[in-house]
Structures are given as structure tokens and as C-alpha cells.
*Asks:* 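The structure is given below, and queries will be raised subsequently.
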Protein chains: 2
Amino acid sequence: MNEVLVRVSSEAQQREARLLQALRDAGLRLTPQRRAICHYLAHTDAHPTAQQIFAAVKPEFPSLSLATVYNTLDALVRLGAVHALGGAGDGAIHYDADLRPHVNLACLQCHRMVDLPCEAVADLNRRVTAESGYRILGARLVYYGLCPDCQRTAREASPTP
Amino acid sequence: MNEVLVRVSSEAQQREARLLQALRDAGLRLTPQRRAICHYLAHTDAHPTAQQIFAAVKPEFPSLSLATVYNTLDALVRLGAVHALGGAGDGAIHYDADLRPHVNLACLQCHRMVDLPCEAVADLNRRVTAESGYRILGARLVYYGLCPDCQRTAREASPTP
DNA sequence: TTTCCACCTTAGAATTACTCCAAGTTTGGA
DNA sequence: TCCAAACTTGGAGTAATTCTAAGGTGGAAA
């Protein structure tokens with residue numbers, strides 16, 4: 001196992017510990033279902049929807065209900081432990097347990113969502129902090145559009161730039 | 001009528017003209033329904049959902065169909081003439097005809113949300129467009145934190161920064 | 001360790017936002 | 001004016017999310 005993989009694994013474990021601690025601190029119970037949901041959220045780089053989380057955790061808990069997934073996600077979002085990213089064009093909400101400042105890119109056609117590390121985000125953070133008078137605790141930056149692949153598809157369909 | 005109202009009205013008229021021109025330029029037809037939807041979008045400061053637009057325009061066009069609203073909004077978003085803002089917590093998509101760069105500031109304590117005009121947003125837009133390879137059609141930039149009033153309240157309650 | 005109850009999970013029905021479709025209507029160029 | 005392409009409409013259909021009532025369980029207190 002190389003250095004990068006070790007570091008990534010460590011980050012995921014830290015994320016998982018942070019999610020569980022947030023639930024504990026709020027006086028909420030750590031049921032096996034909630035632990036499994038937090039584990040999956042912390043260890044994925046995708047930005048899964050509630051349905052995808054349900055499908056991923058279901059094999060481990062065959063009795064798992066969608067309502068439990070929604071309940072847990074709602075709690076984590078209200079505690080500020082995960083970010084809810086909506087409007088990817090598929091009508092679903094995507095969840096992101098990575099709270100470090102970054103831009104999310106959502107494709108309105110294929111509905112995939114990816115991260116974009118961006119130096120300009122730090123600059124925006126500084127300016128918003130300085131100009132707003134707010135004590136900034138977090139940010140959700142989502143850009144919507146067409147990914148390179150879907151732009152190519154659209155151009156082939158209608159050759160009007 | 002004072003100077004501010006005149007200026008606001010002028011901006012709304014410019015927005016409306018821009019929306020209609022975008023449809024014309026794309027070779028789409030300017031039906032009365034589409035004109036009414038553009039008029040409402042350009043003259044509201046709220047970020048209405050498709051349902052709200054439908055309810056607002058319906059009195060003028062009793063035969064108006066929701067499908068027409070969605071069709072028109074879809075065209076305007078694809079043309080980049082309005083921004084689609086998802087994930088407001090209500091599962092619906094909100095539309096914004098104000099393309100000027102700004103961020104939303106949400107206070108976690110008093111739950112008020114305000115706009116912050118910010119030059120740095122234009123810079124971020126440029127960088128995201130250049131670095132991502134995406135065709136950007138919209139964005140939702142939300143910062144969470146404590147507004148000045150609630151910071152003062154929090155300091156008085158627990159004097160540990 | 002045992003008890004107990006407030007909180008949690010579950011299944012399925014209900015709600016809501018949005019999309020699809022076929023038929024009738026209208027726009028805007030020729 | 002004429003007409004084909006584009007648009008509108010109403011209703012049915014799809015998918016995400018929320019609600020509800022009944023049974024189950026985590027974890028603090030005894």
C-alpha cells in the first residue's frame with residue numbers, strides 16, 4: 001500500500017469519526033444502521049443520493065428502510081456534518097461528507113457530480129469573510145452545466161455553437 | 001416615485017428584454033405565455049419555483065399548463081439566460097434571472113438569507129469555467145455562518161470564542 | 001446486570017415535483 | 001394569406017421524498 005492510499009484511508013476514518021461524534025454530541029443514538037450509513041458516506045468519493053446510499057447499505061442490513069436513510073441524512077445535514085447538494089437535474093439531493101472548501105460540478109445531462117479543487121475558492125472565502133461581517137462556518141459551492149462529454153454529445157446533435 | 005425605484009424598474013426591464021432576446025436569438029417563438037413567464041421572472045426579486053411561476057402567471061392565462069412553464073424554464077436555463085438553483089431544502093428548483101455575480105449568506109441561528117454582491121464571484125466563475133471544461137449554466141453559492149447580530153448574541157451567552 | 005421508555009426502524013401509503021405524450025392550436029416566414 | 005414547424009395543453013406517468021402507525025432497541029438509571 002502506498003503513501004497516498006494510506007493518507008486517503010486516514011481521511012475517510014477521520015470523516016467517519018467526525019460524523020459519529022456529531023450524532024453523539026447531539027444526543028442522538030448510534031444505531032447499527034446509522035453507523036453503516038456514516039461509514040459509507042465517509043468512505044466514498046462519489047456524492048451519493050439517498051437512494052444510492054440505501055442500495056449500498058441494504059446488503060449489510062436487508063431490513064433497512066429508505067425512511068431510516070432519509071432520517072439519518074436529515075440529522076447529519078441539520079448538524080452541519082454533511083452538505084446537501086441539490087439540483088443536479090435529476091431531482092435528487094446528493095450528499096457530501098467532505099467539508100473542506102471546494103467547488104462541486106454537477107452535469108445537468110448525465111447527473112454526475114465531481115469535485116474541483118480550486119485556488120480561487122480560498123480567495124472567495126477570504127473576501128466573503130472580510131466583506132460580509134459574518135462568522136463563516138461553512139460553504140456550499142455548486143456549479144451546474146454540461147460536462148465535456150455531454151457538450152460533445154449536444155454539439156453532434158445540433159451543430160449550432 | 002423615487003430614484004431607487006426608477007433604477008430597479010429599469011433593471012427589471014433590461015432583464016426582461018434580455019430574456020426575450022435570448023429566446024429570439026435561439027430561433028424560439030415568442031408566445032404570449034413565454035412573454036408572461038419572462039416578465040414575471042424579470043420583475044421578481046424572489047427566486048421562484050416553477051410552481052410559483054405557474055401560480056403567478058395562471059390568472060393572466062387561465063389555460064396555462066405547467067408543462068409550458070417547465071418547457072420555457074428549461075429553454076431559458078439551457079440558453080444560460082436564467083440560473084437554476086437547486087437544493088434549497090424543499091426539493092424544488094428555484095430560478096434566478098439576476099445573472100450578476102453574488103453569493104447567498106445564510107445565518108445558522110436566525111435562518112435569514114441575504115445576498116452579498118461580490119466581485120470575487122466573477123473571478124471564481126472565470127476560473128471554474130476555464131479549469132473545469134464544463135459549460136456553466138448556473139450556480140448556487142451559499143455560505144453558512146453567524147450574522148453580526150447573532151455573533152453578538154453568542155458572545156454574550158458564552159464568553160469563550 | 002437488568003429494566004424501561006423515549007427514540008428509532010420499518011413497510012407501505014401519500015405527497016410533491018417533474019416529465020412524457022398525443023392531439024389541437026399558433027407563430028412567423030414565404 | 002397560407003402552411004409547416006413549433007408550441008400549448010391536460011392528463012397520465014415516474015421518481016424522490018415525507019408521513020404514519022406499529023413494533024423494536026440503545027443506553028442511562030437503578
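All chains are named by letter (A, B, ...) in the order of the sequence lines, taking the proteins before the strands, and each is independently numbered beginning at 1. Just so it is clear, the model here is predicted, and its values are computed rather than measured.
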*Asks:* Rounded to the nearest 0.5 Å, what's the gap from CZ on Arg15(B) to OG on Ser10(B)? Could you check?
*Replies:* 10.0 Å

*Asks:* Is there a side-chain contact between Leu41(B) and Tyr95(B) in this structure, where contact means two heavy atoms from C-beta onward sitting under 4.5 Å apart?
*Replies:* yes

*Asks:* Would you say the side chain of Gln33(B) lies within less than 4.5 Å of the side chain of Leu64(B), judging by non-hydrogen atoms?
*Replies:* yes

*Asks:* With rounding to the nearest 0.5 Å, note down the distance linking OG1 in Thr44(B) to CG in Asp98(B).
*Replies:* 11.0 Å

*Asks:* May I ask you to list the residues of residues 56-68 of chain B, by number, that have any heavy atom positioned under 4.0 Å from an atom of DNA chain D?
*Replies:* Ser63(B), Leu64(B), Ser65(B), Ala67(B), Thr68(B)

*Asks:* Rounded to 10°, tell me the angle between the two end axes of the helix from dT1(C)-dA30(D) to dA30(C)-dT1(D), each built from five pairs.
*Replies:* 50°

*Asks:* What's the separation between atom CG in Leu116(A) and atom OH in Tyr143(A), rounded to the nearest 0.5 Å?
*Replies:* 10.0 Å

*Asks:* Find the distance Ile93(B):CD1 to dA16(D):P and express it as a whole number of Å.
*Replies:* 14 Å

*Asks:* Which residue is it: Val69(A), Leu28(A), Leu20(A)? I am looking for the one with a side-chain contact (heavy atoms from CB on, under 4.5 Å) to Arg34(A).
*Replies:* Leu28(A)

*Asks:* What is the distance, rounded to the nearest whole Å, between atom CG of Leu73(A) and atom P of dA16(D)?
*Replies:* 14 Å

*Asks:* Find out if a path of hydrophobic residues (ILVMFWY) with successive side-chain heavy-atom gaps under 4.5 Å connects Val142(A) to Leu99(A).
*Replies:* no

*Asks:* Under 4.0 Å, heavy atoms only, any strand: does Gln51(A) hit a base, just the sugar-phosphate, or nothing?
*Replies:* base

*Asks:* Excluding sequence neighbours, so at least two apart, what forms salt bridge (Lys or Arg N to Asp or Glu O under 4.0 Å) with Asp96(A)?
*Replies:* none

*Asks:* Provide, to the nearest angstrom, the distance between the OH atom belonging to Tyr70(B) and the P atom belonging to dA15(D).
*Replies:* 16 Å

*Asks:* Check side chain to side chain donor-acceptor pair (under 3.5 Å) between Asp115(A) and all other residues, then give those that pass, not counting sequence neighbours.
*Replies:* His47(A), His102(A), Asn104(A)

*Asks:* Would you say Asn71(B) places a side-chain N or O within less than 4.0 Å of OP1 or OP2 belonging to dT8(D)?
*Replies:* yes

*Asks:* What is the 5' to 3' range of DNA chain C, first to last nucleotide, that sits under 4.0 Å from any heavy atom of chain A?
*Replies:* dA6(C) to dA11(C)

*Asks:* Quickly work out the Gln33(B) CD to dC7(D) P distance and round it to whole Å.
*Replies:* 12 Å

*Asks:* Stepwise, does the side chain to side chain contact (heavy atoms under 4.5 Å, CB included) test hold for Thr129(A) with Arg126(A)?
*Replies:* CA-CA 5 Å; Thr129(A) 302; Arg126(A) 277 191 295 273; 5.8 Å; no

*Asks:* Can you build the contact string for nucleotides 21-27 of chain D? Use B for base contact, S for sugar-phosphate-only contact, and - for no protein heavy atom under 4.0 Å.
*Replies:* ----BBS

*Asks:* Rounding to a whole Å, what distance do you find between Arg34(B):CZ and dA6(D):P?
*Replies:* 11 Å

*Asks:* At what distance, to the nearest 0.5 angstrom, does CD of Glu16(B) lie from CD of Glu11(B)?
*Replies:* 14.0 Å

*Asks:* Can you tell me how far NE2 of His39(A) sits from CD1 of Ile37(A), rounded to the nearest 0.5 angstrom?
*Replies:* 12.5 Å

*Asks:* Could you measure the distance from the CZ atom of Arg18(B) to the CG atom of Leu76(B)? Nearest 0.5 Å is fine.
*Replies:* 9.5 Å

